[in-house]
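All values below were derived from every heavy atom in this structure, side-chain atoms included, with hydrogens, water molecules and symmetry-related copies excluded.
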Amino acid sequence: MQMELRSVLKAAGFICLVAVGLPANLSVLLLFCRLRLSRGSLQPNDFILGNLAAVNLAVLLCRSIPQTLVALGLRRLFDDQGCKAVIFGYRIGRAMSICVTALLGCYQSVSVAPATPRWTALKRWLSAHLPYAIILLYGLNIFDCYGAIVYPQAPPTNGSIPEFTLNLEFCIVVFPGSQAYVVNGMIYTLRDVIFVVVMVLAAVYMLLVLYRHRQQVKGLRGASRASVGASQAVLVLVCTYVALFGLENVLWGYTLSVSRVLPAVSDARVFFASCYSALCPVLIIATNRRLAGNFRCFTHDKKGEDPSTPRESNTSHVKA
């Protein structure tokens with residue numbers, strides 16, 4: 001009875017993530033493709049958001065869908081090579097999700113920085129080098145996720161799970177010993193903590209700049225109002241990620257402290273790790289009126305209006 005309840009809750013949770021996350025991320029990606037074709041280029045913030053939607057989509061495809069199928073009763077989904085590919089895709093997607101979110105926060109904080117010669121030069125340099133920054137992050141995370149290529153296996157047919165194994169049910173990740181088990185987990189945790197700290201510092205700096213600007217310019221209008229909208233959008237994303245990051249890593253710390261992890265604990269950890277990928281595009285559209293306006297035009301195509309036409313909005317320059 002307890003096993004059936006866990007399967008029902010697991011299936012319901014991951015079905016909700018897939019039902020929300022897949023169409024939302026696909027819609028954001030298709031919208032940016034349309035904007036790219038109509039405008040000839042994307043703004044730097046749109047480029048970052050497009051990459052964020054792509055990696056979030058990878059997380060949902062490589063983890064949430066297999067977890068949903070397992071909860072519905074399917075077990076032998078992949079062989080050893082398939083497990084390596086799926087888990088590596090998830091690890092890269094999840095790692096890039098936090099890295100790109102941190103990059104978005106840094107870009108946003110630079111965008112609202114004072115218009116001094118140094119900050120202006122940094123704004124131009126960062127805008128021109130965003131593609132290189134994304135490529136560098138991919139390279140670092142591919143190197144960091146070597147364990148996702150070496151250790152994953154298909155579940156054994158006899159159901160025997162060895163020690164120091166992450167049991168995802170559709171695949172298992174078998175570490176050679178306790179040292180590899182703990183070191184691998186600590187590497188992932190350290191990387192996440194570093195980028196969460198960067199993310200938070202960027203958001204705090206941006207809020208401080210906007211607060212000082214608000215004290216100098218009473219009755220915010222135009223760019224000031226847009227900056228406030230940008231800060232709120234980034235703050236929502238940062239708070240959401242930090243909250244989910246905290247929940248996931250509490251469970252991850254427990255996972256590293258035992259040699260055999262209960263499936264329910266792994267399910268909860270993976271669910272919280274995947275939540276951001278499903279909620280992120282919804283938050284982006286909800287907190288970005290310019291993007292929401294383009295999204296409505298994209299979905300309804302009212303009166304043949306060009307989606308690239310700017311719309312009046314108090315968050316017309318919101319980057320997140």
Side chain to side chain contact (heavy atoms under 4.5 Å, CB included) with Ile134: of Ile48, Val55, Leu103, only one passes, and it is Leu103

Phe195 versus Leu137: any side-chain heavy-atom pair under 4.5 Å?
yes

For Ala278 and Leu17, the nearest pair of non-hydrogen atoms, with its separation, is CB-O, 3.7 Å

Common cluster, Leu104/Leu140, ILVMFWY with side-chain heavy-atom separation under 4.5 Å:
no

Considering all heavy atoms of both residues, which atom of Phe88 and which atom of Ala148 are nearest to each other, and what is their separation?
CA-CB, 3.8 Å

Would you mind reporting whether Ser274 and Ser64 have side-chain heavy atoms less than 4.5 Å apart?
yes

Of Thr165, Leu166, Val150, which meets side chain to side chain contact (heavy atoms under 4.5 Å, CB included) against Phe175?
Leu166

Measure across Arg94 and Ala273 and return the closest heavy-atom pair with its distance rounded to 0.1 Å.
NE-CB, 4.0 Å

Same apolar cluster (I L V M F W Y, side chains within < 4.5 Å links), Ile15/Val8:
no

Evaluate the side-chain proximity of Leu61 to Leu22: yes if any heavy-atom separation is below 4.5 Å, no if none is.
yes

Ser97 side, atom OG; Ile92 side, atom CD1 - distance, nearest 0.5 Å:
12.5 Å

Report whether Met186 and Val197 are members of the same hydrophobic cluster (ILVMFWY, side-chain heavy atoms less than 4.5 Å apart, transitive linking).
yes

Quick check for you: to the nearest 0.5 Å, what is the distance between Leu208 atom CG and Ser109 atom OG?
11.0 Å

Classify the angle between the aromatic ring planes of His129 and Trp125 as parallel (below 30°), tilted (30 to 60°) or perpendicular (above 60°).
parallel

Indicate yes or no: at least one non-hydrogen side-chain atom of Pro66 is less than 4.5 angstrom from one of Phe78.
yes

CG of Asn45 to OG of Ser111, rounded to nearest 0.5 Å, is 7.5 Å

Just by modelled atom types, is the Leu35 backbone N or O under 3.5 Å from a matching donor or acceptor in the Ser38 side chain?
yes

Go through the steps to decide whether Asn51 and Met96 satisfy the test side-chain contact (heavy atoms from CB on, under 4.5 Å), and finish with yes or no.
CA-CA 9 Å; Asn51 278 275; Met96 286 301 298; over 6 Å; no

side-chain contact (heavy atoms from CB on, under 4.5 Å) between Leu168 and Gln67: does it pass, once the steps are laid out?
CA-CA 8 Å; Leu168 304 173; Gln67 290 283 3; 4.3 Å; yes

Any idea which heavy atoms bring Val110 and Trp119 closest together, and the distance?
CG2-CZ3, 3.9 Å

Is a side-chain donor or acceptor of Asn56 paired with a backbone partner of Leu52 at a separation under 3.5 angstrom?
yes

Smallest heavy-atom separation, Val59 atom then Gly93 atom, equals CG2-C, 3.4 Å

Under the criterion side chain to side chain contact (heavy atoms under 4.5 Å, CB included), which of Ile65, Thr68, Val86 is the partner of Phe170?
Val86

Would you give the length of the straight line joining atom OH of Tyr132 to atom CG of Leu126, rounded to the nearest 0.5 angstrom?
13.5 Å

Charged N-O contact under 4.0 Å between Asp46 and Arg36:
no

Determine whether Ile187 and Val183 make a side-chain contact, defined as any pair of heavy atoms from C-beta on separated by less than 4.5 Å.
yes

Short question: side chain of Asp80, backbone of Ala154 - any donor-acceptor pair under 3.5 Å?
yes

Would you check if Tyr146 and Ile149 make a side-chain contact, meaning some heavy-atom pair closer than 4.5 Å?
no

Val200 with Val198, same ILVMFWY side-chain cluster at under 4.5 Å
no

Show the nearest heavy-atom pair for residues Asp144 and Tyr188, with the distance to one decimal.
O-CE2, 3.8 Å

Is there side-chain contact between Ile172 and Pro152, with at least one heavy-atom pair below 4.5 Å?
no

How far does CG of Leu49 sit from CG of Leu31, to the nearest 0.5 angstrom?
10.5 Å

If hydrophobic clusters are built from ILVMFWY residues whose side chains come within less than 4.5 Å, do Ile194 and Tyr276 share one?
no

Taking the side chain from Ser127 and the backbone from Arg124, do they hold a donor-acceptor pair closer than 3.5 Å?
no

Nearest 0.5 Å please: distance from the CG atom of Leu60 over to the OH atom of Tyr90.
10.0 Å

